[in-house]
Asker: 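Okay, handing you the structure first.
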4 protein chains.
Amino acid sequence: MARKSIGAQRNPESEKAILTAARELLAEEGLSGFSIEAVARRAHAGKPTIYRWWPDRTRLLLAVYSEFKEGMRSFDTGTLEGDVRAFLTNLFEFWRESPAGPVFKSILAESQSDPEASAAFAEYHHGRAARTAAAFARRGITDADAKLLTEMVVNYAWGQLLANRLDPGDAEIARVAGMLVRGVGR
Amino acid sequence: MARKSIGAQRNPESEKAILTAARELLAEEGLSGFSIEAVARRAHAGKPTIYRWWPDRTRLLLAVYSEFKEGMRSFDTGTLEGDVRAFLTNLFEFWRESPAGPVFKSILAESQSDPEASAAFAEYHHGRAARTAAAFARRGITDADAKLLTEMVVNYAWGQLLANRLDPGDAEIARVAGMLVRGVGR
Amino acid sequence: MARKSIGAQRNPESEKAILTAARELLAEEGLSGFSIEAVARRAHAGKPTIYRWWPDRTRLLLAVYSEFKEGMRSFDTGTLEGDVRAFLTNLFEFWRESPAGPVFKSILAESQSDPEASAAFAEYHHGRAARTAAAFARRGITDADAKLLTEMVVNYAWGQLLANRLDPGDAEIARVAGMLVRGVGR
Amino acid sequence: MARKSIGAQRNPESEKAILTAARELLAEEGLSGFSIEAVARRAHAGKPTIYRWWPDRTRLLLAVYSEFKEGMRSFDTGTLEGDVRAFLTNLFEFWRESPAGPVFKSILAESQSDPEASAAFAEYHHGRAARTAAAFARRGITDADAKLLTEMVVNYAWGQLLANRLDPGDAEIARVAGMLVRGVGR
DNA sequence: ATTTAAACGAGACGGTACGTCACGTCTTAGT
DNA sequence: ACTAAGACGTGACGTACCGTCTCGTTTAAAT
């Protein structure tokens, strides 16, 4: 039995079914199995319903990723170095143990051919980075230093993600955190 | 005028024309403008000629990518921080001013859906990183520090590439280099 | 300007444009100029639209052919010989002066490689022959004789079509009709 | 072991291998399985060897077809009706029990797109018809009647071939022969 | 006896068409 | 207004053959 309209308003069941189908497709078949047609088929949704809410394939990808947003634990270890370590540990664990890793990589790949995806991704990235930088700034470094530190930490994490090295070990993380925090001054 | 067969053997002119067309397309229009059809049109080649030698779009991409292997200048400024700055400056310039940047990004994107592309990319990346680390090690840091430094520098550069920020300015580069070198000790 | 979808239903304009383009191509360039690509180009239609409704080139050919089903005038001259003459005269004129001749020949050619085309053609042929036989039977011959007469008349006509002799002249037609009618008895 | 050149002259083994491969392909797979590539593969011949001796696919088809020229038995039953029956019986048997039927149909199909095939076919057809008419004329009918009779007989046979009804039965053949002979006078 | 000439197999070449897939847009019919 | 459904034009995918071309080999005929 098909889902029907519930009147002049967005049907949350449809949204949920679409996002679920999208997430499962990415997890099961990777980026190449992820197409609007396939999502529509699996979610028993009409293509226009998808396009109405997500302007293109990339935005749907971003939406799937955002669902994981809240999957990450926050951190407050008391020291800057501890925070950096916690951030990295959490992030790698998150990428390893949820479908978030593949999804994130897919977004990155998509961004290379789609300027809008690139912009959307940049915007999302910017927001997250700002929050991370704010967290680091609590430890008494300048905003500029916090931003730079964030950039280095995040770029390091991306590099590991893209190279499929999501389990660097605590020692490696500690070395990286130590190096960056030392570099940022004091 | 038209390229013809030179017998029962691969015609190097065709190969060259196809690789050139592929490289130019990537540089001019990015990954989304890169299709076998478009390459065939620009190279004045038949599609079967391309498929005869490169089994699919990804492999042609990898072939283009291999052509850039030795495109970067070396550096020797006398100090570690100077070397890091030179490395970054050279790399950003190389990415900005040759078709290498777009091609690299395309490979990276493609790697996310194609395991073979991923492996080829990882191998290439590993080799380049080793050479860079060796250059940094000349400045009197341990090999482990040189490797870590390289990783951070390279990941920073990749992050900028992926974010389309290939012209960070000397000041930014100096800040990054300073921070990383300070972090590495001394 | 361009034809668009009219919803989840077949667009009759597209169907018409495709059939028209197909018919014209056959008339202008013959069977060798008739390809799905060429039809799509001329009809300003997408290939998938054609394949959605006609599973292959042969079936599109058959569809064009069916359009001529009712193109022939009937006849009632009062005598059997007159009817045979009228049938042949009409048929040759129809084949000469409409695109039906080339289309019919194309179907026939296609039937030699495609069993489905062959079956469809046989069915069509059978129906037409039955109606022609019924017309002849009005002149007081047995049904068996009417069928045989029809078969001979039609095969003669096909032979002339295949041999590109569509204008045999009234005298030749009279000779053929006379011979066949005499043969059928009385 | 491959066939080699035997010097600056046509290698009859190659010619034979090519014609055999072509005939077998037509018999086994019909016109749609008949391609220069397939013939070359089966005959272990190079494509240029084929194109050297037969300018195109159609001419190779015609060459295969000519091989059957003399495959038919002659007839002399003593009566005109007997001769017509014998002609038809022989012809249907020939078409049924040799690869000639499929080959003839293929030629016919090809003739619809290739004017040269059409001309060659017409010429062959004309010659055979003349000989058949001469045989009929021995029974004391005028040349004009013999030609007309031949035309009707042959067109009937072609009709049966094209409709895949190559085994009409003796009774049907007798009816046809009787009708035509009666029509021709006497 | 050596050279020349042409046929041979092989297979690459630039093309055209095939039939399939997904894109993003559009309209319908129903809730 | 929003839904599922599905048609539309576009254009790339990877494959099959087309007819042409050149390669390197082989061998008979002409020197």
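Note that the coordinates shown come from a computational prediction; the quantities given were computed from them, not determined experimentally. Side chains included, hydrogens not; waters and symmetry mates left out as well; all remaining heavy atoms used. Reminder, nothing fancy here: chain letters follow the sequence lines and each chain counts from 1.
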Asker: How about D/L162 and C/Q112: do any of their side-chain heavy atoms sit closer than 4.5 Å?
Answerer: yes
Asker: Could you tell me how far apart C/E13 (CD) and E/dC26 (P) are, to the nearest whole angstrom?
Answerer: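 Computing the C/E13:CD to E/dC26:P distance gives 16 Å.
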Asker: Step by step, work out the salt bridge (charged side-chain N to carboxylate O under 4.0 Å, His left out) result for C/R42 and C/E29.
Answerer: CA-CA 13 Å; C/R42 183 187 273 246; C/E29 310 195 36; 5.0 Å; no
Asker: Contact class for B/W53 vs. all strands (heavy atom < 4.0 Å): base, sugar-phosphate, or nothing?
Answerer: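 Sugar-phosphate: the residue B/W53, judged by heavy atoms under 4.0 Å, touches backbone atoms but no base.
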Asker: Is the shortest heavy-atom distance from the side chain of B/K105 to the side chain of B/L161 under 4.5 Å?
Answerer: yes
Asker: Any idea how B/F104 and B/Y65 line up, ring-wise: parallel (<30°), tilted (30 to 60°), or perpendicular (>60°)?
Answerer: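 It falls in the perpendicular class, over 60°.
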Asker: Are any of the side-chain heavy atoms of C/I18 and C/W54 separated by less than 4.5 Å?
Answerer: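 Sidechains of C/W54 and C/I18: in contact.
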Asker: Check whether any side-chain heavy atom of C/I107 sits under 4.5 Å from a side-chain heavy atom of C/V64, and report yes or no.
Answerer: no
Asker: Measure from CZ on B/R42 to P on E/dG15 and round the result to the nearest Å.
Answerer: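 Atom-to-atom, B/R42 to E/dG15, this comes out as 16 Å.
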Asker: Would you mind building the protein contact string for nucleotides 13-19 of chain F? One character per nucleotide, 5' to 3', B for base within reach (heavy atoms under 4.0 Å), S for sugar-phosphate only, - for untouched.
Answerer: BBBBSBB
Asker: CD of C/E29 versus P of E/dT16: gap in Å, rounded?
Answerer: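 Rounded to the whole Å, the gap is 14 Å.
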Asker: With a cut-off of less than 4.0 Å, is there a side-chain N or O of B/R3 near OP1 or OP2 of E/dC13?
Answerer: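 No, no such contact exists.
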Asker: Could you check whether any side-chain heavy atom of A/H125 comes within less than 4.5 Å of a side-chain heavy atom of A/L108, counting everything from C-beta outward?
Answerer: no
Asker: Please give, in whole Å, the distance from F/dC2 C1' to A/I50 CD1?
Answerer: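 Spelled out: CD1 on A/I50 to C1' on F/dC2 is 15 Å.
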Asker: What is the distance, rounded to the nearest whole Å, between atom CZ of C/R10 and atom C1' of E/dT28?
Answerer: 17 Å
Asker: About how many Å separate CZ of C/R59 and CG of C/L61, when rounded to the nearest 0.5 Å?
Answerer: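 Separation between the atoms: 11.5 Å.
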Asker: C/R52 side chain N/O closer than 4.0 Å to the phosphate oxygens (OP1, OP2) of F/dC8?
Answerer: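 Checking F/dC8 against C/R52, a side-chain N or O does come within under 4.0 Å of OP1 or OP2.
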Asker: Hey, does D/R52 have a side-chain heavy atom less than 4.5 Å from the side chain of D/R10?
Answerer: no
Asker: Could you check whether atom CD of B/E13 has more than 12 heavy atoms from other residues, nucleotides or ligands sitting under 6.0 Å from it?
Answerer: no
Asker: B/I18 CD1 to E/dG15 P: how many Å, rounded?
Answerer: 11 Å
Asker: C/N11 CG to E/dT27 P: how many Å, rounded?
Answerer: 11 Å
Asker: Is any side-chain heavy atom of B/R41 less than 4.5 Å from a side-chain heavy atom of B/L25?
Answerer: no
Asker: Examine F/dG9: is either OP1 or OP2 under 4.0 Å from a nitrogen or oxygen in the side chain of C/T49? Give yes or no.
Answerer: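 Yes, within the criterion.
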Asker: Do A/S98 and A/V103 touch side chain to side chain, with heavy atoms closer than 4.5 Å?
Answerer: no
Asker: For A/G46 and C/A45, take the nucleotide of DNA chain F holding the closest heavy atom to each; which residue's nucleotide lies nearer the 5' end?
Answerer: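 Result: A/G46.
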Asker: Angle, rounded to 10°, between the helical axes spanning five pairs at each terminus of the helix from E/dA1-F/dT31 to E/dT31-F/dA1?
Answerer: 20°
Asker: Taking only side-chain N and O atoms of C/H44, does any of them lie within less than 4.0 angstrom of OP1 or OP2 on F/dC8?
Answerer: no
Asker: Please tabulate, one pair per line, each protein N/O and nucleotide N/O from nucleotides 24-31 of chain F that are separated by under 3.5 Å, including the distance.
Answerer:
residue : atom : partner : partner atom : Å
F/dT26  : O2   : D/S5    : OG           : 3.3

